[in-house]
Each structure stands twice: as C-alpha cells, then as structure tokens.
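Model, not experiment: these values are computed from the prediction. The chains referred to below are lettered A, B, ... by the order of the sequence lines, with proteins before strands, and numbering in each begins at 1.
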Protein chains: 2
Amino acid sequence: MHNLLINKLEQFTKLSPEDKQVLADVARGRVWVRGAREDIIQEGDKPTCVNLILKGWACRYKMLPDGRRQIIAFFVPGDLCDLHVFVLRAMDHSIGALTPITFAEISRETLRNIMSDHPRITEALWWDALVTVAIQREWTVNLGQRSAFERLGHLLCELFLRLRAVGLTQGNACEFPVTQTELADATGLTTVHVNRTLQELRGEGLIELHGKHLIIPDLEALETASVFNLNYLHGDHEGSALDARNGEIGSAGQRSRGA
Amino acid sequence: MHNLLINKLEQFTKLSPEDKQVLADVARGRVWVRGAREDIIQEGDKPTCVNLILKGWACRYKMLPDGRRQIIAFFVPGDLCDLHVFVLRAMDHSIGALTPITFAEISRETLRNIMSDHPRITEALWWDALVTVAIQREWTVNLGQRSAFERLGHLLCELFLRLRAVGLTQGNACEFPVTQTELADATGLTTVHVNRTLQELRGEGLIELHGKHLIIPDLEALETASVFNLNYLHGDHEGSALDARNGEIGSAGQRSRGA
DNA sequence: CGTCAAGTTGAAACAGGTCAAATACCGTGG
DNA sequence: CCACGGTATTTGACCTGTTTCAACTTGACG
C-alpha cells in the first residue's frame, strides 16, 4: 500500500529501516476515500494538508471560465500532492479523483517532525518535489512542441515509468484507468483526435490499450517514437541500481551526457 | 539593481531593514555577464549555484534532438533561477541569455546562512519558488487550451505584471526585448503565426509593440481577451497593499472566488 | 437487458504550419 | 555619415493536422 512511496523514494536514496517505518506510519493517520470525479481540493480553497495517494488515480486540473479544462498533472499511487502547499494562501487549481481513490492526509506537524528528525527522508521528499516540477516542465515541452502522436506516446511512457517506479507494473503491462476524454484534457487535444491517434499508436504496434489495461510491448520503441528522454525523471541516483524491478532496466540513454 | 528582488518579495511579506540589507548584499558577491544567446547553464551540467538575474532577460529552455526548441520560462531582472537546485544531480534543461545579461551567483553556503538566520526572507523565497511553479502550471494551461491569440495575450499580461512587480514598468509601458522567434518558441507557435497574431492584437488596440518596447493601453481589456486570471501569481498577500506601484492596482477579479 | 458513459467513425471546416521571398532594422567598420 | 551584412519582421500562397459536429457502436454494470 503505502510502501509505494518508499519504493519511489528509494529510486533516489537508500532509506534505513527506521526511515521506512516512519513513512509507513504516515499513512496510518487520517485516511479518506473519494469517488471517481469527486474533488479532493478545489481552486480557491486554503490548503491544509499534504495528501498521499494510497490507491487510485487523481489529477491536478484547471478550468477556464468557458468550460475548457486542462489536466496539469496526473497522480498515481505513492504520489504526494503538494509538499510545499502551506506557504500559499489559496489553491490556484483543483485536485480531483479520476477513479475511486484512497488517500492519507499528512498534517503540517507530522511533516515538520519528519523533516526535522529524518534528514534522509527529507532529502528524498525534496527530490520527489523537484521531480514533480521537472515533470511539469516536460509537459510544457510536450504541449508546445510535440505532435499529437508523440504527445500521447510521451505521456504513456511517463506514466508507465512512474508506475514501474512504485512497483505497479507487471512486466510490460499496467493498469491504466484513464478515459480518452481525460487524455484529451491532459494533452490539449480533442477526444476525437485522441481516439484516432491511439488507433495509430496501436496500428504501429507501439501500445495495446483495451479497457483499463495498457501494454507497451517495446518501451524503447515507444520512447523513440515519442522523442522521450527520461532525464527529467531524475531516476539516476544512488538507489537506482536497485531499480531493476520486474527484471527491466531504465532504457533511454541517461548515462551519455558529455561535458 | 538588486532591490528588484526586494520589490518582488515585498509583494508577499514586509521585510525588515536588516532583511533588505542582507538581500542587497547577496548581489555583491560573484557577478557575471553573458552576451545575448549565450548559455548560463546547460542541460547535463551539475548545478552549482543559484543565480539572481540583475539585468537583462533570460530563459529556461529545452531542445529536442531534431532541433525543436521549447522555451519553458522567462527570467526577468529580480528573478532567481532554481532555488532548489542542489538536490538534483544534473540539469534537465538549459538556461540561456536572451539579451546581454548580468547575474549574481549565490553560493550554497550563503543561501544556507540566509535560510537559517532570516525566517522572513526564507519564507519569501519559498513563496517566490512556489509562484514559479504556479507559473509553470499556468503555461501548461496556456499551451494546452488557449488559442494563439489568447496565448500570446496571456504571456504578455504575465510578463507585464511580473515586470511591474519589480518596478520595471513605466505606467502602461515596459521594455520587451524578446524576438518573435522567441515568442514562438515559448508559445509553441510558428514565427510566422506569432507575427500575424501580434498584428491581430495590435489591430484590436490591445497592445502596441515596436522594437523592444511594449505598451498595453488597457490591461484589463487584454486580460479579458486572453482569459487571464492573476490568481496564479499569488500576489494577494500581506504586502500587496503596498503594491500600488506606478499608481496602478492589480486589476482582474482575484477577490471573487466563492466557496 | 436496459441505460448511460466511453469509444469509434465520417465528412467538412479551420487554425495554424510550411515554404519562400521581400522588406525593415540595426550595429559596425570604413 | 553612409554602405554593408546579418538578423528580425512581414507578406503571400498553399498545405495539413486537428477540430467540429453529429451520429453510431460498444461496453460496463445494476
């Protein structure tokens, strides 16, 4: 369950058994559920807690007054929503459940205590927060420069790798409970065009996507087709040797970046 | 010069004279210059310092292997590049000068000292960092949902307001040393289309842009036309009453966000 | 086995891209 | 002070990726 977060953080650093216990306890606090499509936090709210997603998918999104919606980020199990959130007065966006969801609230005090007593965890949480904004930057590139085909492929690569980092993949497969409408709102495309583009991706044998199940037969091929470079996920740290979950190792060329 | 940063931070909180002195001293350290188009930091580099832009404009950008470039963020005087940068091993993007530029390096130790001795400054720097990522989120919305016309208008609003926050506007005018090619790389459009769209904006009387000089005759009109909502700049804090620089006050409806 | 959301299809329209050339601008050196 | 060369802006004609609209099919679930 909540060792998903531990899995993820260990990409970056090795945690002591005590560290792990602390993280495991975090998720024992106030735990909540929401149904699909319900909001967890709304734009304008004063943020009160950091939320740790235990189960289900959520997203950060923003609405324009005329009804356009942009999904700004996806949250998968093991993700933290807004580590930093206490400084700002009001949320400038909403967070909503995409599927039925379970999450744990982490209070300000709990977080403060962890941060003052457990430097390894603290550093790892920072790393996680920084990767989150690196992802946001990559989304900017995705929306600004990539074609519909590349854009969707890129998003699928990213989510697959993130799921793999927490241990939620089985070989080259994973659950993928996102509708085409939601993919459209995340990629800035139309539902119709997402549909056609997914068909193209299927046609080229790059993905298999039925129902809520995704298979990426050849991840490297999909990465290439999507102009994907995993640099931005910053998984290349101390712990990353342990990252060979499911017998696979990060694929694209993250070592070769000369001076 | 470097009281630009002070101006900006005072949007958020009131700083003591001592705080201000500390910030003023920061920019006395190692100061560098770069010519237009030179890089300050390159993708793959190990980041070593936080940079404070003193003069000139810069940008964060990412290249795709085939030459496509996305500008991910603009930096104007008073902006800090990457407060947080020490945790990650390698830059996943580059920072380049758009104009000839002057910037001050702030070392890890200096920063650490400030953070341990000056809680007001620390909090204000946090606020600044969080606003930076809020801007990144808004860019996602901009690229994903807005038309070319809205997109450019939105960008101009944002930059104008950011310049105003540091005191670099004169009434409804400001310097705007960005080429159409750079605007294109920031908005995910073509140079050609940026050119035509700017003409449209001029045609509607929403902007005047010649050479390196921008005038926004009616900011509120431009905001409306661009579906701009200044929430995301989070300027509505303690110090914001002092924000009436140049006799103007923030315009759009940031108060009205009902429960 | 009905109902509602999600996915799929087709045809037509349009926003924005492409290519290529012309013009304006600006700093530099003579 | 002017001519020069390179960069930035502007224009025109044409092309295409993506949107729009509207209907139809499939699938999940009670």
Side-chain angles (χ1 to χ4, degrees), chain A residues 35-38 57 64 66-71 97-100 142-153 155 175-203 207-214 225-227, chain B residues 35-38 57 64 66-71 96-100 142-155 175-203 207-214 225-227:
Chain A
R37 288 145 189 298
E38 285 183 58
W57 289 40
L64 298 187
D66 59 6
R68 283 176 280 181
R69 174 171 87 144
Q70 176 68 37
I71 290 180
L98 294 172
T99 67
N142 211 23
L143 290 166
Q145 300 299 324
R146 279 185 260 258
S147 67
F149 185 90
E150 297 166 333
R151 217 181 282 183
L152 275 166
L155 180 59
E175 296 305 306
F176 197 80
V178 179
T179 68
Q180 294 185 359
T181 306
E182 287 153 356
L183 285 176
D185 286 346
T187 52
L189 301 166
T190 316
T191 313
V192 172
H193 199 57
V194 165
N195 182 284
R196 297 202 236 257
T197 306
L198 287 176
Q199 289 179 48
E200 263 189 85
L201 282 160
R202 287 197 199 98
I207 64 168
E208 290 168 41
L209 180 57
H210 323 98
K212 305 293 161 205
H213 206 69
L214 170 67
S226 314
V227 200
Chain B
R37 289 147 187 296
E38 284 183 58
W57 289 41
L64 297 188
D66 59 5
R68 283 176 280 180
R69 174 171 86 146
Q70 176 69 35
I71 291 180
L98 294 172
T99 66
N142 211 24
L143 290 166
Q145 299 300 323
R146 279 184 262 256
S147 68
F149 185 91
E150 296 166 334
R151 218 182 282 183
L152 275 166
H154 192 279
L155 180 58
E175 295 306 307
F176 197 81
V178 178
T179 68
Q180 293 184 2
T181 306
E182 288 153 356
L183 285 176
D185 286 346
T187 52
L189 301 166
T190 315
T191 313
V192 173
H193 200 58
V194 164
N195 183 283
R196 297 194 169 123
T197 307
L198 287 176
Q199 291 179 48
E200 262 190 86
L201 283 159
R202 289 196 197 97
I207 63 168
E208 290 167 40
L209 181 57
H210 323 96
K212 306 292 161 207
H213 206 70
L214 170 67
S226 313
V227 202

**Q** Measure the angle between the two terminal helix axes of the helix from C:dC1-D:dG30 to C:dG30-D:dC1, five base pairs each, and quote it to 10°.
**A**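 Rounded value for the end-axis angle: 50°.
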**Q** Taking the side chain from A:R37 and the backbone from A:A97, do they hold a donor-acceptor pair closer than 3.5 Å?
**A**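 No, because the side chain of A:R37 does not come within donor-acceptor range (under 3.5 Å) of the backbone of A:A97.
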**Q** Go through the structure and list residues passing side-chain hydrogen bond (donor to acceptor under 3.5 Å, both in side chains) with A:R68, not counting sequence neighbours.
**A**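 For A:R68, the residues satisfying side-chain hydrogen bond (donor to acceptor under 3.5 Å, both in side chains) (neighbours in sequence not counted) are A:D66, B:E150.
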**Q** Are OP1 or OP2 of D:dT11 and a side-chain N or O of B:Q199 less than 4.0 angstrom apart?
**A**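 It does, given that an N or O in the side chain of B:Q199 lies less than 4.0 Å from OP1 or OP2 of D:dT11.
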**Q** Side chains of residues 177-186 of chain B: which donor-acceptor pairs under 3.5 Å do they make with residues two or more places apart or in other chains?
**A**
from: B:T179; atom 1: OG1; to: B:T181; atom 2: N; distance (Å): 3.4
from: B:T179; atom 1: OG1; to: B:E182; atom 2: N; distance (Å): 3.1
from: B:T179; atom 1: OG1; to: B:E182; atom 2: OE1; distance (Å): 3.3
from: B:Q180; atom 1: OE1; to: B:N195; atom 2: ND2; distance (Å): 2.9
from: B:E182; atom 1: OE1; to: B:T179; atom 2: N; distance (Å): 2.9
from: B:D185; atom 1: OD2; to: B:R69; atom 2: NE; distance (Å): 2.9
from: B:D185; atom 1: OD2; to: B:R69; atom 2: NH2; distance (Å): 3.2

**Q** Taking only side-chain nitrogens and oxygens of B:N195, does any of them come within less than 4.0 Å of OP1 or OP2 of D:dT9?
**A**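 Looking at the OP1 and OP2 atoms of D:dT9, neither is under 4.0 Å from any side-chain N or O of B:N195.
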**Q** Pull out every protein N or O sitting under 3.5 Å from an N or O of nucleotides 16-27 of chain D, one pair per line with the distance.
**A**
from: D:dT18; atom 1: OP1; to: A:A148; atom 2: N; distance (Å): 3.1
from: D:dT18; atom 1: OP2; to: A:H193; atom 2: NE2; distance (Å): 3.3
from: D:dT18; atom 1: O5'; to: A:H193; atom 2: NE2; distance (Å): 3.4
from: D:dT19; atom 1: OP1; to: A:G188; atom 2: O; distance (Å): 3.4
from: D:dT19; atom 1: OP2; to: A:T190; atom 2: N; distance (Å): 3.0
from: D:dT19; atom 1: OP2; to: A:T190; atom 2: OG1; distance (Å): 2.9
from: D:dT19; atom 1: O5'; to: A:T190; atom 2: OG1; distance (Å): 3.0
from: D:dT20; atom 1: O4; to: A:R196; atom 2: NH2; distance (Å): 3.2

**Q** When you check the phosphate oxygens OP1 and OP2 of C:dA5, does a side-chain N or O of A:Q180 lie under 4.0 Å from one of them?
**A**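 No, because none of the side-chain N or O atoms of A:Q180 sits under 4.0 Å from OP1 or OP2 of C:dA5.
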**Q** Taking for each residue the nucleotide of DNA chain D with the nearest heavy atom, is it B:V178 or A:G211 whose nucleotide lies nearer the 5' end?
**A**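 Looking at the nearest nucleotide for each, B:V178 comes out on the 5' side.
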**Q** For A:Q145 and B:G188, work out which heavy atoms get closest and say how close.
**A**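 So the minimum-distance heavy-atom pair works out to NE2-CA, 4.2 Å.
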**Q** Tell me which nucleotide among D:dT7, C:dA6, C:dT9 gets nearest to the side chain of B:R37.
**A**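 Of the candidates, D:dT7 comes closest.
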**Q** Tell me the closest heavy-atom pair linking B:G144 and A:Q70, and the distance in Å.
**A**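 Taking B:G144 first and A:Q70 second, the nearest heavy atoms are CA-OE1, 3.3 Å.
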**Q** When the distance from CD of B:Q145 to P of C:dG16 is rounded to whole Å, what number comes out?
**A**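 Distance, rounded to whole Å: 13 Å.
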**Q** Working to the nearest 0.5 Å, report the span between CG of A:N142 and OG of A:S147.
**A**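 A:N142 CG to A:S147 OG: 9.5 Å, rounded to 0.5 Å.
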**Q** Quick one: list whatever passes side-chain contact (heavy atoms from CB on, under 4.5 Å) with B:E208, sequence neighbours left out.
**A**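 By the side-chain contact (heavy atoms from CB on, under 4.5 Å) rule, B:E208 matches B:H210, B:I215, B:P217.
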**Q** Please name all residues satisfying ring pair (Phe, Tyr, Trp, His ring centres under 6.0 Å) with B:F176, sequence neighbours left out, ordered by chain then number.
**A**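 By the ring pair (Phe, Tyr, Trp, His ring centres under 6.0 Å) rule, B:F176 matches B:W57.
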**Q** Return the value, rounded to whole Å, for the distance between atom CG of A:L198 and atom C1' of C:dT9.
**A**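 Distance check: A:L198 CG to C:dT9 C1' gives 15 Å.
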